[in-house]
Number of protein chains: 2
Amino acid sequence: MKHVTIKDVAKYLNVSVSTVSRAFNDKYDIRKETKELILKTAEEMGYHPNPIAKKLSQNRSLNIGVVVPEFINEYYSEVIIALQESLVSKGYQVLVMQSDENEKQELKNVKTLIYDMVDGLLIAPTIGHENISYYLKRINDGYPIVFLNRVDESIPASKVIFNNIKWSFFATEHLIRQKYEKIYHLSGYRDLCVSKERIEGFKKAMNKHKISKENYKIIEAGLLAKEGKEVIEDLIFHHDIPDAIFCVNDMVAFGAIKKLKDNGYRVPEDVAIIGFTETRMAELVTPQLSSVKQPTYEMAKAAGELLLKKINNNEIPDETIIMNGELNIRKSSVKGNLTELL
Amino acid sequence: MKHVTIKDVAKYLNVSVSTVSRAFNDKYDIRKETKELILKTAEEMGYHPNPIAKKLSQNRSLNIGVVVPEFINEYYSEVIIALQESLVSKGYQVLVMQSDENEKQELKNVKTLIYDMVDGLLIAPTIGHENISYYLKRINDGYPIVFLNRVDESIPASKVIFNNIKWSFFATEHLIRQKYEKIYHLSGYRDLCVSKERIEGFKKAMNKHKISKENYKIIEAGLLAKEGKEVIEDLIFHHDIPDAIFCVNDMVAFGAIKKLKDNGYRVPEDVAIIGFTETRMAELVTPQLSSVKQPTYEMAKAAGELLLKKINNNEIPDETIIMNGELNIRKSSVKGNLTELL
DNA sequence: TTGTAAGCGTTATCAC
DNA sequence: GTGATAACGCTTACAA
């Protein structure tokens, strides 16, 4: 497995290594014929520039670190795919680490990647504020970091986020317009900024439509199906079943639907349900789940491009991109005839 | 962002760079106090060995390439998580590329990774045989490659695979034992080895129980929910609805169930369904989906370990690990009382 | 136990 | 346009 090196090619062609190097890097002057001969010969000899040597001599790793809370759900899988596609084509390698929704693990991941000399970092933080201040410090040191999702709009850094407040407002308002009178929100972990924002959107809709406090409730569930189930179990136990539920995400909605159906409640006739961050399964469950679709792919791609800009010029000012989604109404949230509504 | 180098530490402490290097690499003799002083000072100075320089001088990248067909489904997400966990702790970085079930893309990914000098490759191939012969050639050249899933048992290479024939046999037999008389198999792409094996297991069960050819059918669907739906649409159109269906995976099963229910068929009363490669959603749909659970995490971990063994000693003989699963019977495949059966 | 210096495979700064 | 050569930051014989 001996690799052919630039020296081998140079010696074989009786040229200097610099000439061979130049042939492989367009930026220098070199006679056209020389270049072509070198490239042809190199190809025949099976020469490929050693990326590690290149990295060392150019003092950059051409690696991008990506830290996500998880990627067992579709959302971050899609994020990673989008990032790979846009970054690999630009010569970068993408190193992905997941934090398992654990603050300590996340910091460890980030440090590992920084020690590994990634040229920049894309972070979708989990719960907790301490890490954020560490990241901001690194950004101040000149480390290119872009946040994706999961950060507050107020945070002074480049980021691509979703307009959670707005779309959670729309999702909630959709329920209100259906004349459901008692509406609950199964929220995500309170410390998570996207949860907070979705709660805020929910409250906004309640206020706008002057729903009295007895007729809505915000219950912390989490992000997993299991947690949706548990809340519903509790509600059933207390005979406290609302007319409609807005869930922080589809997984919680799936769990809720399951538990409701198991206990004889019909969805949407007895309880209407709407999710968030649409998954492919939304269309496959019965009834089909209404949800808010996020432009996941576009968000990730934008974040990748923002990061590359930052890597190439750290002086550019912070940029915040806030994206919008789409409310996809399906059977789970509509009492009457769905087609009439659409 | 100037990095502290080994030279800085050496100069500061009036020792040679080799001594500092030795302090960071246990394998050499070095006085305990010297080592401790160096490590302490290095820490204070914020020194971290530059991994790129290390890679160059040791002529290895400490990178492992992983090529999967996709990771939008849970299966390969879990594979990647398992690999990361076991490989990162051993000092390796994991570079993941997905082929999108496209043979050409897969070969491109593999070549990219080889040019990027990964120390070894883990491949879960997509459809098509041409690539396989290329991979076998590389293995013969001495490149450490381990296959995961998606390869035939007969292939002369190290691999970790699932006993598809056996578990597809069990899944099918479970349907037969329920006295379903007309049983169809919605298979994956015919060219995909796991599909072939699952078909084989299905046939085996049919033969064993002497089901006549009029009473079973194998229909190529694919791996996506959409494809499951399409087949069912077709069957409904031709008034050709069986009593039970064994689907190549859960996604196809979800699609099938959805389409059946939309057309007034009850599952399992009218048509029983069983999936394969259990997903988390299996427990959340109505009715809950019976499926075959694979030890995904363990398979991936075993593959990672096999690869490391190969990287450290290319002379070891090929090893094939065949893993077994678990048949999880749920409501979707059982006509009577589920608890009686369990 | 520690130091010296060659080497890993490139790029980049000079000369020519 | 091309060639020599230092430099990137580390490891590792070999010498001391």
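Within every chain, numbering begins at 1; the chains are lettered A, B, ... in the order of the sequence lines, protein sequences first and strands thereafter. The structure displayed is predicted, hence computed values, not measured ones.
Taken over five-pair windows at either terminus, the axes of the helix from dT1(C)-dA16(D) to dC16(C)-dG1(D) are inclined to one another by 40° (rounded to 10 degrees).
In this structure, of dC10(D), dT4(C), dT10(C), it is dT4(C) that holds the atom nearest to the side chain of S18(B). Closest contact between the side chain of K54(B) and the listed nucleotides dC10(D), dC8(D), dT2(C) involves dC10(D). Nearest nucleotide to the T34(B) side chain, out of dT11(D), dT10(C), dT1(C): dT1(C). If you check dT2(D), dC8(C), dT10(C) against the side chain of P49(A), the one that comes closest is dT10(C). For S57(B), whose side chain is taken as the heavy atoms from C-beta onward, the closest listed nucleotide among dG9(D), dT5(D), dT2(C) is dG9(D). Among dG9(D), dG1(D), dT11(C), the nucleotide with an atom closest to any side-chain atom of R31(A) is dG1(D). The listed nucleotides are dT10(C), dG9(C), dG1(D); the one nearest the side chain of L56(A) is dG9(C). Considering only side-chain atoms of T5(B), the nucleotide from dC10(D), dG3(D), dT11(C) that sits closest is dC10(D).
Cation-pi geometry between K137(B) and Y143(B) is not met at under 6.0 angstrom from the ring centre and within 45 degrees of the axis.
The nearest heavy atom of DNA chain D to V17(A) and to K32(A) marks one nucleotide each, and the one closer to the 5' end goes with K32(A).
More than 12 heavy atoms of other residues, nucleotides or ligands sit less than 6.0 Å from atom CD of Q58(A).
Under the salt bridge (charged side-chain N to carboxylate O under 4.0 Å, His left out) criterion, no residue pair touches residues 4-23 of chain A, with sequence neighbours excluded. Sorted by first and then second residue, the pairs that involve residues 84-131 of chain A and meet ring pair (Phe, Tyr, Trp, His ring centres under 6.0 Å), not counting sequence neighbours, are Y115(A)-H48(B).
Within the 4.0 angstrom heavy-atom criterion, only backbone atoms of the sugar-phosphate kind lie near Y47(A); the bases stay farther away. At a threshold of 4.0 angstrom between heavy atoms, the contacts of I30(B) are confined to the sugar-phosphate backbone, with no base atom among them. Nucleic acid contact for N59(A): none, since no nucleic acid atom lies under 4.0 Å from a heavy atom of the residue.
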- request: Dump the intermediate steps for side chain to side chain donor-acceptor pair (under 3.5 Å) on Q93(B) and N63(B), then the final yes or no.
  value: CA-CA 5 Å; Q93(B) 284 177 343; N63(B) 280 173; 3.0 Å; yes
task: Please step through side chain to side chain contact (heavy atoms under 4.5 Å, CB included) for the pair V110(B) and Q105(B), ending with a clear verdict.
output: CA-CA 9 Å; V110(B) 169; Q105(B) 181 63 44; over 6 Å; no
Test log, rule salt bridge (charged side-chain N to carboxylate O under 4.0 Å, His left out), inputs D26(B) and K35(B): CA-CA 9 Å; D26(B) 315 303; K35(B) 177 171 174 174; 3.0 Å; yes
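For the pair L13(A) CG and dG1(D) P, the computed distance is 18 Å after rounding to whole Å. Remark: P of dT12(D) and CG of D26(B) are 13 Å apart, rounded to the nearest angstrom. With rounding to whole Å, K7(A) atom NZ is found 16 Å from dG3(D) atom P. What separates CZ of F24(A) from P of dG9(C) is a distance of 15 Å, to the nearest Å.
Between the side chain of S21(B) and the base of dT12(D), no donor-acceptor pair under 3.5 Å is found.
Checked against the 6.0 Å centroid threshold, F71(B) and Y76(A) do not count as a close aromatic pair.
Distances shown here put a side-chain N or O of N25(B) below 4.0 Å from the OP1 or OP2 atom of dT11(D). For dT2(C), neither phosphate oxygen OP1 nor OP2 lies less than 4.0 angstrom from any side-chain nitrogen or oxygen of S16(B).
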